[in-house]
Amino acid sequence: MDSEVTPVHAEIALVVNGTEHRLRVDTRASLLDTLREELGLTGSKKGCDHGQCGACTVLLDGRRANACLALAVAHDGADVVTVEGLARDGRLSALQEAFIEHDGFQCGYCTPGQLCSATAVLDEADQGWPSAVTEDLSADPVLDDDEIRERMSGNLCRCGAYTGIVKAVRQAARRTETETEEARA
């Protein structure tokens with residue numbers, strides 16, 4: 001018997017960081033490998049390749065996802081945002097600036113996944129989604145340290161920059177709240 005497996009390919013389209021890409025991918029290829037190898041977007045990292053560390057976290061149709069566990073072919077037509085897409089018009093997002101200010105990274109390997117996950121944390125809280133530690137389910141969640149730690153628990157940092165990461169997310173959450181209040185006024 002021949003042990004060679006003939007790859008099966010499929011044509012897909014992905015909108016990545018606002019740009020549509022039409023790709024021919026191996027149906028076994030992960031979204032992470034497709035982003036890195038086909039599109040050259042190497043910000044998302046391959047850490048464990050088992051969905052346990054969060055280094056590959058991206059925003060997939062507005063929700064955070066482990067790109068190493070997602071088959072690219074299963075997300076034909078999806079909107080993907082990687083760390084490269086968080087900045088706008090050459091300016092870092094408030095969250096990226098807060099990570100720098102609070103030293104929310106050390107070696108930087110987990111930072112892209114941390115930033116994508118934290119971006120989703122801010123959006124989830126803004127939409128009123130509770131977490132496992134949210135005490136009052138009838139009120140909008142308050143992103144205190146316990147909430148932030150719980151919501152970021154899927155992203156590991158081997159350097160232990162958690163204190164800076166929590167401070168950065170808290171600062172960005174406060175800035176977002178202030179901007180929302182100013183927009184309403």
In Å, rounded to the nearest 0.5 Å, how long is the span from [atom1] of [X] to [atom2] of [Y]?
X	Y	atom1	atom2	result
Gln171	His102	CD	NE2	3.5 Å
Leu41	Arg36	CG	CZ	9.5 Å
Cys159	Ile165	SG	CD1	9.5 Å
Asn66	His50	CG	NE2	12.0 Å
Asp49	Cys68	CG	SG	5.5 Å
Thr42	Leu32	OG1	CG	10.5 Å

For this session: Apply the side-chain contact (heavy atoms from CB on, under 4.5 Å) test between Leu23 and each candidate in Val16, Asp76, Thr34, Val73; give the one that qualifies.
Result: Thr34
For this session: Applying side-chain contact (heavy atoms from CB on, under 4.5 Å) between Ile148 and each of Val133, Val169, Leu122, report the one that passes.
Result: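 Per the side-chain contact (heavy atoms from CB on, under 4.5 Å) rule, the option paired with Ile148 is Val169, out of Val133, Val169, Leu122.
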On a heavy-atom basis, which atom in [X] and which in [Y] lie closest, and how many Å separate them?
X	Y	value
Asp140	Gly128	OD1-CA, 4.2 Å
Ala120	Leu59	CB-CD2, 3.8 Å
Lys45	Tyr109	CG-O, 3.2 Å
Ser30	Ala67	CB-O, 3.8 Å
Ala70	His75	CB-NE2, 3.6 Å
Gln96	Ser93	OE1-N, 2.8 Å

Hey, is the main chain of [Y] close enough, under 3.5 Å, to the side chain of [X] for a donor-acceptor pair?
X	Y	value
Glu84	Gly43	yes
Asp61	Asp79	yes
Thr27	Val8	yes
Asp144	Asp146	yes
Asn155	Gly113	yes

Exercise. Cut-off 3.5 Å, side chains only: do Arg64 and Ser117 have a donor facing an acceptor?
Worked result: yes
Heavy-atom check, side chain of [X] versus side chain of [Y], under 4.5 Å:
X	Y	answer
Thr82	Leu39	no
Val142	Glu147	no
Arg22	Glu11	no
Val80	Asn17	no
Cys53	Arg158	yes
Lys167	Glu101	no
Thr134	Arg151	yes

Do [X] and [Y] belong to the same hydrophobic cluster, where Ile, Leu, Val, Met, Phe, Trp and Tyr are linked whenever their side-chain heavy atoms lie under 4.5 Å apart, directly or via other members?
X	Y	answer
Leu115	Leu60	no
Val121	Phe99	yes
Met152	Val166	yes

For this session: Identify whether the distance between the nearest side-chain nitrogen and carboxylate oxygen of Asp26 and Arg28 falls below 4.0 Å.
Result: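 Yes.
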Exercise. Salt bridge or not for Asp33 and Lys46, using N-O below 4.0 Å?
Worked result: yes
Problem set entry | Working for side-chain contact (heavy atoms from CB on, under 4.5 Å), residues Ile100 and Phe105 | CA-CA 8 Å; Ile100 292 168; Phe105 54 90; 4.1 Å; yes
Exercise. Is atom CD of Glu135 surrounded by more than 12 heavy atoms (other residues, nucleotides or ligands) closer than 6.0 Å?
Worked result: no
For this session: For side-chain contact (heavy atoms from CB on, under 4.5 Å), just list the numbers for Glu38 and Arg24, CA-CA rounded to whole Å, side-chain angles, deciding distance to a tenth of an Å, and then say yes or no.
Result: CA-CA 9 Å; Glu38 301 298 323; Arg24 187 173 195 279; over 6 Å; no
